[in-house]
Amino acid sequence: MWGLRLGLADVHGISEAESARIEAGQPYSSLLDFCQRARPSRPAAERLAQVGALDAFGANRRDLLLHLAELHRVQKRSGTYGSQLPLDGGRRTAPAGLPDLSETERLSAELGVLGMDASRHLMADHHAFLEELGVVPARRLREARHGRTVLVAGAKAATQTPPIRSGRRVIFTTLDDGTGLVDLAFFDDSHEACAHTVFHSWLLLVRGVVQRRGPRSLSVVGSAAWNLAELVELRRGEGGLDAVAAALAGQPGPAADAGPAAGERRIRMSTGYEMHPWADLRPAGEGAATGRKLWHSSPGSAG
């Protein structure tokens, strides 16, 4: 069976010393053995359990989290992991009877702990809804003709707003829909309607026009953007698909008007450059990038 192995360094907050002890102590016969010899901190151990790294010790992930909490409580009180866990034959931890993490909880844990969706794609739950809306998946977008108006959707993989001398900024965004990547460009005349949604939403639905630059090179010039998560909730509500259709037929949403309009203010630099209202307020590249791996801020990005 094909699989993907992730390194301990991908686990958020785990130290090099913890990773070294875990690696050096392999293999482990039980959860108790793991805690005694690898001596992980409680946050590191819980994160490993949440993403399935401790599944081999038996029980489900929520049960393992409960057992870890008990082990670390005993260790904090007595200075040792002396408490023997209830075992289900052999060295496997006995189930505590708690329900396992749901698929949604597992995905959320992976995004929080690893910064990536490892077991399944973030967009997997939305494919049926996107088909209802007529969204064109990335794998089929290459077949779209130049000038065609399309709906595309996905999780933001990157956002950049490189400065240009005229001060008229272009927002470049890349979406990942599970079938491939979609490159988007939002020009100055769309910022008033789209910029706030693009910068403040993780999952996006975008209407735009296909712009071909060659047989294999294309992008979508966006003219409207919606927070896909909000549309999903609309679909689940009493209004159903009709409520979503009404939202798409109207304005992109009240949040789109929360930011300044494109022409309301300009920041003039001593070099002669003008900064767009959605531009960074400091030179590109200064300061550390923030955000998750799947939704990162690049130098020159206001996102």
Side-chain angles (χ1 to χ4, degrees), residues 1-15 18-19 21-23 25-76 81-130 154-155 176-178 202-203 228-229 232-233 235-237 292-295:
M1 177 183 293
W2 292 96
L4 177 67
R5 290 181 179 269
L6 301 176
L8 289 170
D10 289 318
V11 177
H12 175 70
I14 197 168
S15 68
E18 286 175 314
S19 297
R21 288 197 302 270
I22 292 171
E23 181 180 2
Q26 297 180 95
Y28 300 99
S29 59
S30 67
L31 183 64
L32 179 63
D33 180 41
F34 171 73
C35 289
Q36 287 176 331
R37 294 196 292 116
R39 304 189 312 281
S41 66
R42 179 174 175 177
E46 290 179 343
R47 288 166 185 157
L48 289 170
Q50 286 175 323
V51 297
L54 308 183
D55 284 359
F57 298 141
N60 63 48
R61 296 182 189 181
R62 204 183 300 277
D63 284 343
L64 288 171
L65 289 170
L66 176 65
H67 290 314
L68 283 170
E70 175 63 18
L71 282 171
H72 280 86
R73 185 185 65 81
V74 172
Q75 191 273 339
K76 186 176 181 179
Y81 294 103
S83 175
Q84 178 64 56
L85 288 173
L87 301 177
D88 183 16
R91 302 293 290 173
R92 293 175 62 83
T93 304
L98 296 177
D100 199 357
L101 299 180
S102 67
E103 291 294 324
T104 300
E105 289 172 324
R106 290 191 181 205
L107 182 60
S108 177
E110 290 170 3
L111 292 170
V113 173
L114 303 172
M116 66 182 80
D117 40 358
S119 61
R120 63 195 183 96
H121 197 275
L122 179 65
M123 297 295 293
D125 292 338
H126 306 313
H127 285 167
F129 176 47
L130 297 180
D176 180 352
D177 70 354
W202 186 10
L203 302 181
L228 180 59
V232 169
E233 290 305 312
R235 179 66 177 89
R236 291 173 179 165
R292 306 177 185 178
K293 293 179 182 177
L294 196 61
W295 185 20

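All values reported here derive from a predicted model rather than from experimental measurement.
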Smallest separation among heavy atoms of His72 and Pro40, with atom names: NE2-O, 3.3 Å

Non-hydrogen atoms of Leu32 and Leu71 that approach each other most closely: CD1-CD2, 3.6 Å

Over 60° means perpendicular and under 30° means parallel, so classify the ring planes of Phe57 and Phe34, tilted if in between. tilted

Distance in Å, Leu64 CG paired with Leu54 CG, rounded so as to fall on 0.5 Å steps: 6.0 Å

Are Asp177 and Leu130 close enough that some pair of their side-chain heavy atoms sits under 4.5 Å apart? no

Counting only heavy atoms not in Glu233, do more than 12 fall under 6.0 Å of its CD? yes

Where do His12 and Arg47 come nearest, in terms of heavy atoms and distance? O-NH1, 2.9 Å

Leu48 side chain near Val113 side chain, heavy-atom distance below 4.5 Å: no

Within the 4.5 Å heavy-atom criterion, are Asn60 and Leu101 side-chain neighbours or not? no

How many angstroms lie between CZ in Arg37 and OG in Ser29, if you round to the nearest 0.5 Å? 7.0 Å

Is Gln26 reaching over with its side chain to a backbone N or O of Glu23, donor-acceptor style, under 3.5 angstrom? yes

Enter the distance from Lys76:NZ to Arg42:CZ here, rounded to the nearest 0.5 Å. 8.5 Å

Looking at Asp100 and Arg61, is there a salt bridge between them, counting it only when a charged N and a carboxylate O are closer than 4.0 Å? no

Leu203: what forms a side-chain contact (heavy atoms from CB on, under 4.5 Å) with it, not counting sequence neighbours? Leu122, Met123, His126, Ala155, Leu228

Quick one: list whatever passes salt bridge (charged side-chain N to carboxylate O under 4.0 Å, His left out) with Arg21, sequence neighbours left out. none

Does some side-chain heavy atom of Arg62 sit less than 4.5 Å from a side-chain heavy atom of Leu66? no

Check whether any side-chain N or O of Tyr28 sits under 3.5 Å from a backbone N or O of Cys35 as a donor-acceptor pair, and report yes or no. no

Report the distance from atom CG of Leu68 to atom CZ of Arg73, rounding to the nearest 0.5 Å. 13.5 Å

